[in-house]
Structures are given as C-alpha cells and as structure tokens.
Amino acid sequence: MHPSVHPVPNLSFSTRESRLQREFSNFGEIAEVKLVKDELTKKSKGYAFIQYTSQDDALLALENMDCKSFDGRLIYVDIAKPGKEAFREYPKTSGPPKKQQLPKQDEVADCWY
C-alpha cells in the first residue's frame with residue numbers, strides 16, 4: 001500500500017458512494033471509493049476512503065475538498081496512517097521506515113485519498 005492514504009471523515013450518514021464518486025471525480029480518475037459501513041447494521045459510519053489512479057489527482061482533490069461543505073456537512077480530507085482506525089488488517093508498526101520502491105512508469109500508483 002502506498003503511504004498516501006486519505007480518509008474523508010464527517011460525512012452525512014445519508015451520503016452514498018455514487019455521490020462521492022461523482023464529486024471527487026472532478027479532480028481525476030478514481031480507482032475506488034470505499035464508504036465505511038457498520039458490519040451489523042450496514043449503515044454508513046460517516047467516513048470514506050477515496051483512491052485515485054494518479055497521486056497528482058489525489059493531491060488536487062485534497063487541496064480542493066478539505067474543509068468544504070459536502071451534503072450539508074463540513075468535511076475534512078487528510079492523510080491517514082494505516083492502523084486499526086483506517087484498515088483493520090494493517091496494524092501500526094514502529095521502527096525506522098522501510099525503503100520504498102517507486103512504481104515503474106507503466107504501473108498505476110496505489111494511492112488512497
């Protein structure tokens with residue numbers, strides 16, 4: 001996973017993935033929208049993760065959507081740190097950062113925003 005993971009918290013509980021896709025696609029091609037839902041009730045928890053195919057597009061969305069009104073609520077777009085709050089299967093680690101390998105030119109960067 002790329003270190004640039006951006007959650008979109010403080011969403012209205014009525015916001016749908018299609019609405020997020022429509023609004024955030026104004027800044028570039030989206031690879032995936034993940035609206036986080038309660039496992040039992042299947043209702044939105046009020047936040048989502050947006051993955052772009054390009055890091056430049058993701059940064060453009062971050063610049064334009066942070067602290068904006070969206071479906072009647074002020075949303076915040078920020079850099080997430082993988083951990084139990086972001087993705088249950090990625091625990092927090094400690095120690096020096098590992099050297100990262102950059103994707104080849106023909107690969108799509110795996111960036112979540």
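Residue indices begin at 1 and follow the sequence shown.
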With a 3.5 Å cut-off and sequence neighbours excluded, list the donor-acceptor pairs that the side chains of residues 57-68 form with protein atoms.
residue	atom	partner	partner atom	Å
Asn64	ND2	Leu60	O	2.7
Asp66	OD1	Val77	N	2.9

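- Considering only residues two or more places apart in sequence or on other chains, Asn26 meets the side chain to side chain contact (heavy atoms under 4.5 Å, CB included) condition with Glu23.
- Taking CG of Asp38 as the reference point, atom NZ of Lys43 lies at 9.0 Å (rounded to 0.5 Å).
- Leu11 places a side-chain heavy atom less than 4.5 Å from the side chain of Leu35.
- Closest approach of Ala48 to Leu20, counting heavy atoms only: CB-CD1, 3.6 Å.
- Shown here for Ser44 and Ser12, the closest heavy-atom pair between the two residues is OG-O, 4.5 Å.
- No donor-acceptor pair under 3.5 Å is formed between the side chain of Asp71 and the backbone N or O of Thr15.
- The heavy-atom pair separating Leu74 from Ser69 by the smallest distance is CD1-N, 4.2 Å.
- Phe24 and Tyr52 make their closest contact through O-OH, 2.6 Å (heavy atoms, listed as atom of the first residue, atom of the second, distance).
- Looking at Phe49 and Glu32, their side chains never come closer than 4.5 Å, going by heavy atoms from C-beta outward.
- Between the CZ atom in Phe13 and the CZ atom in Arg73 there is a gap of 6.0 Å [rounded to 0.5 Å].
- In this structure, Arg19 forms a cation-pi arrangement with Phe70, its terminal cationic atom sitting closer than 6.0 Å to the ring centre and no more than 45° off the ring axis.
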